[in-house]
Each structure stands twice: as C-alpha cells, then as structure tokens.
Amino acid sequence: MTYIIYALAAVFEIAGCFAFWAWLRMGKPIWWFAPGMVSLALFAWLLTLVPSEAAGRIFAAYGGIYIVASLLWLWLAENRTPDRWDIGGATVCLAGTAIILFGPRS
C-alpha cells in the first residue's frame, strides 16, 4: 500500500509542479496556478497516510519513487525518452528507497 500512496503522491506533486512550470516557462495562463496548488496539497496529504514514526524517513523513501515518476513524466508527457543513465540512476534510487522502507529498525 505504501508504494501506491507514493505513486499517487508523485503524480500529484509532478502535476502541481508542472502547472507552475507551464505558467512561468511556457506562457500558460495564470489560472494554471489554481489546479497546481490543489495538486500539491493532495500530494502533501497523501504523504501523511504512509505509516511511519518519522516524517523525514517517509520523505527520504519517497525520493526514489519521485525520481522514477519524474522520468516517466519525461517520457510520457514531454515525449523525451530517458537514457541509460536516467534508468541506471532511477534503479539506484529505488534500491535506496527499498533499504529505507524495509531495513530492520531497532
């Protein structure tokens, strides 16, 4: 369930950030700002649903998921294919996410 929450959070975070990007860098109208804010609020709310005793650990583990989702956005929304370095880096980040999420705690 954690990975599903992280995946949804990543979609909302990227969509929210892209709304700002589109407004500032692509000349989209200011009203793009409003759905971007809603999307970022949903992203933050979703991260609160991940079970953990420490917010920092949630955010750190989420980082790997966000990187993979960003590369998917690059590919699907921006029509730019990730290269082998993107894929290799994302793989390393996912390994880090798994270590943070599933490592034994004392």
Side-chain angles (χ1 to χ4, degrees):
M1 190 64 172
T2 297
Y3 279 112
I4 292 169
I5 294 170
Y6 277 155
L8 289 171
V11 168
F12 284 116
E13 183 180 14
I14 293 167
C17 290
F18 185 76
F20 285 93
W21 176 273
W23 171 58
L24 290 172
R25 302 281 302 266
M26 299 172 67
K28 298 293 183 186
I30 187 84
W31 64 263
W32 276 60
F33 205 72
M37 293 297 293
V38 170
S39 188
L40 289 171
L42 287 169
F43 146 70
W45 172 74
L46 281 165
L47 285 185
T48 68
L49 301 179
V50 176
S52 179
E53 71 287 347
R57 187 169 289 130
I58 291 170
F59 302 155
Y62 167 71
I65 304 301
Y66 177 80
I67 289 167
V68 170
S70 297
L71 291 173
L72 286 171
W73 182 275
L74 172 74
W75 184 31
L76 301 174
E78 297 183 56
N79 202 29
R80 296 181 184 212
T81 306
D83 62 24
R84 64 185 172 145
W85 300 105
D86 296 325
I87 294 166
T91 302
V92 169
C93 292
L94 282 179
T97 293
I99 291 167
I100 292 168
L101 285 177
F102 303 119
R105 304 278 182 243
S106 51

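Just so it is clear, the values below take in all heavy atoms, side chains as well, and ignore hydrogens, waters and symmetry mates. Source: prediction; values computed, not measured.
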Can you give me every donor-acceptor pair (side chain of residues 30-54, partner residue at least two apart or in another chain, under 3.5 Å) with its distance?
residue	atom	partner	partner atom	Å
S39	OG	F12	O	2.5
S39	OG	G16	N	3.4
T48	OG1	W45	O	2.5
S52	OG	A54	N	3.2
S52	OG	A54	O	3.3
E53	OE2	R57	NH1	2.4

### Query
Between I100 and A61, which heavy-atom pair has the shortest distance, and what is it?
CG2-CB, 3.8 Å

#### Entry: I67 versus C93, closest heavy-atom pair with distance
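Nearest pair, atom of I67 first, then C93: CD1-SG, 3.4 Å.
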
State yes or no: do [X] and [Y] share one hydrophobic cluster built from I, L, V, M, F, W and Y residues joined by side-chain heavy-atom distances below 4.5 Å, directly or via other members?
X   : Y   : answer
I5  : L8  : yes
Y66 : Y3  : yes
L94 : I14 : yes
Y6  : V92 : no
F59 : V68 : yes

### Message
If I take atom CG from residue L74 and atom CG from residue N79, how far apart are they, to the nearest 0.5 angstrom?
### Response
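Going from the CG atom of L74 to the CG atom of N79 covers 9.5 Å.
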
### Message
How long is the straight-line distance from CG of L76 back to CG of L71, given to the nearest 0.5 Å?
### Response
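Interatomic distance, L71 CG to L76 CG, rounded to 0.5 Å: 10.5 Å.
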
### Query
Around atom CZ of R84, are there more than 12 heavy atoms of other residues, nucleotides or ligands at under 6.0 Å?
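Counting neighbours around CZ of R84, 12 or fewer heavy atoms of other residues, nucleotides or ligands fall under 6.0 Å, so no.
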
### Message
Just checking D83: does its CG atom have more than 12 heavy atoms from other residues, nucleotides or ligands closer to it than 6.0 angstrom?
### Response
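Counting other residues, nucleotides and ligands, CG of D83 exceeds 12 neighbours.
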
### Task
Please list all pairs passing the ring-ring contact (aromatic ring centres under 6.0 Å, His included) test where one or both residues lie in residues 71-106, with sequence neighbours left out.
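The answer is F18-W73.
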
